[in-house]
Amino acid sequence: MNSRHTKKIIIALGLILLALTVMFGFRFFGTASDLVVSSPATPQKLAQEAMLETISDEETPLVSADMIEENIEGVIVEDIETVQIIAVETPVNEDTEINEPEPQEPPQPEEPTEPEEPTEPEEPVVKTSTAIRLLERANALLNEFYACATTEEKRTLLGISNSNFSNDSFRAKLLSDIGGTWELLEEEIVDATQYQQDKTLFVQVFMSDLSSDFVPVIYSTQNSDLTGRNQWATNLVYNDETELWTEYTQKHPYNDSRVSFGMTTLHNNEDGWEELKETMETSPVWQEVIVPDSTEIVDP
């Protein structure tokens with residue numbers, strides 16, 4: 001083989017190599033233009049990213065089935081660089097009936113109410129009785145008497161010149177203090193009795209029990225002062241515990257009249273008043289005098 005023939009073969013091989021070089025060069029530069037690198041990365045990272053599928057829809061990214069966890073409100077997608085939480089809308093069953101809230105009427109403003117006119121309080125009716133007044137006077141007098149240190153002080157208190165500290169002296173002192181006449185028993189009380197109607201009765205006091213510890217007992221007679229008959233005979237005795245008058249209704253054995261009770265049975269009788277109160281509560285001949293509720297006993 002001559003040198004001329006050898007040169008031809010070398011030139012032909014160079015042309016073939018040049019053609020191949022040009023062809024592969026166009027392919028390489030054509031595909032390289034489609035690859036965009038936004039940031040420097042290692043060749044290993046670029047190789048991994050090239051294997052990932054390019055997602056054009058960023059709002060609804062595609063994920064594989066093994067990356068979805070059912071029955072939860074969110075889906076967790078793990079990427080090599082970031083962790084994204086994608087909200088999953090809970091499907092609504094069309095057959096499920098949705099109860100819409102009923103429209104409510106706006107609250108109506110309350111109508112202003114007129115203020116009530118203040119009512120003046122009624123004045124209470126003060127109940128009183130001649131029995132209570134005389135009992136208070138008698139107890140006050142006894143307290144003063146037992147507080148005296150000497151006999152002379154006791155005489156001065158009762159207005160006597162001797163040492164007759166008896167029932168008569170106390171009654172005389174009390175009668176003098178109220179003007180010399182016993183007070184009338186209220187007509188309402190007399191009218192409510194069984195057998196004392198139409199009588200004019202006066203309220204008196206008797207010192208029962210022992211003289212060392214007198215206990216005043218209120219009763220009534222037809223005597224206006226210390227004169228007259230039957231000063232100690234009565235058919236009405238006031239019970240300070242029940243605050244009621246009690247009527248003695250024992251019938252006379254020979255006629256239809258009523259027998260009087262003698263207050264002298266309480267004279268110098270220790271615990272005489274307590275015993276009488278027990279008798280009044282148990283004996284049928286003693287009846288409480290009940291005034292109707294509609295009748296008020298007021299201080300005249």
Check the pair F206 / T234 against side-chain contact (heavy atoms from CB on, under 4.5 Å), numbers first and verdict last. CA-CA 11 Å; F206 185 90; T234 185; over 6 Å; no
Single-linkage hydrophobic cluster L276~L210, side-chain heavy atoms < 4.5 angstrom: no
N239 side chain to L244 backbone, donor-acceptor under 3.5 Å: no
Is there a side-chain contact between K251 and Y195, using heavy atoms and a 4.5 Å cut-off? no
Less than 3.5 Å apart, any donor N or O on the side chain of R155 or S163 sitting next to an acceptor on the other? yes
Per the side-chain hydrogen bond (donor to acceptor under 3.5 Å, both in side chains) rule, which among E281, E275, E274 passes with K277? E274
Within-4.5 Å side-chain heavy-atom neighbours: D225 and F202: no
Take V203 and L185, measure what side-chain contact (heavy atoms from CB on, under 4.5 Å) needs, and give me the verdict at the end. CA-CA 6 Å; V203 178; L185 179 61; 4.0 Å; yes
Give the C-alpha distance, both sets of side-chain angles, the deciding distance and a yes or no for side-chain contact (heavy atoms from CB on, under 4.5 Å) between I132 and Y238. CA-CA 9 Å; I132 295 176; Y238 181 74; 3.6 Å; yes
How would you list, by chain and number, every residue that makes a ring-ring contact (aromatic ring centres under 6.0 Å, His included) with W273, sequence neighbours excluded? none
Would you say L236 and E247 make side-chain contact, with heavy atoms under 4.5 Å? yes
Assess whether side-chain contact (heavy atoms from CB on, under 4.5 Å) is satisfied between F170 and V205, documenting all intermediate values. CA-CA 9 Å; F170 283 97; V205 62; over 6 Å; no
Report yes if some heavy atom in the side chain of V289 is under 4.5 Å from a heavy atom in the side chain of T193; otherwise report no. yes
Are V215 and W245 connected into the same hydrophobic cluster when the rule is that any two of I, L, V, M, F, W, Y join if their side-chain heavy atoms are below 4.5 Å apart? no
Test item: V285 and F261 side chains (from C-beta on) under 4.5 Å apart, heavy atoms: no
Are there more than 12 heavy atoms of other residues, nucleotides or ligands under 6.0 Å from atom CD of E187? no
Look at the side chain of E186 and the backbone N and O of T130, then say whether any donor-acceptor pair between them is shorter than 3.5 Å. yes
Hey, could you give me the CG/CG distance between L174 and L134, rounded to the nearest 0.5 Å? 6.0 Å
Looking just at side-chain N and O atoms, do N255 and S257 make a donor-acceptor pair shorter than 3.5 Å? yes
Can you give the donor-acceptor pairs under 3.5 Å from side chains of residues 137-149 to other protein atoms, not counting sequence neighbours?
from: N139; atom 1: ND2; to: L135; atom 2: O; distance (Å): 3.2
from: N143; atom 1: ND2; to: N139; atom 2: O; distance (Å): 3.2
from: Y146; atom 1: OH; to: S211; atom 2: O; distance (Å): 3.0
from: Y146; atom 1: OH; to: D213; atom 2: N; distance (Å): 3.4
from: Y146; atom 1: OH; to: F214; atom 2: N; distance (Å): 2.9

Go through it in stages, so that I can follow the logic: the residues are N164 and S166, the test is side-chain hydrogen bond (donor to acceptor under 3.5 Å, both in side chains), and I'd like the CA-CA distance, side-chain angles, deciding distance and then a yes or no. CA-CA 5 Å; N164 183 21; S166 64; 3.0 Å; yes
To the nearest 0.5 Å, what is the distance between CG on D240 and CD1 on I218? 9.0 Å
Within the structure provided, determine whether T151 and F165 are in side-chain contact (heavy-atom separation under 4.5 Å). yes
A side-chain contact here means heavy atoms from C-beta on lying under 4.5 Å apart; do T227 and N223 qualify? no
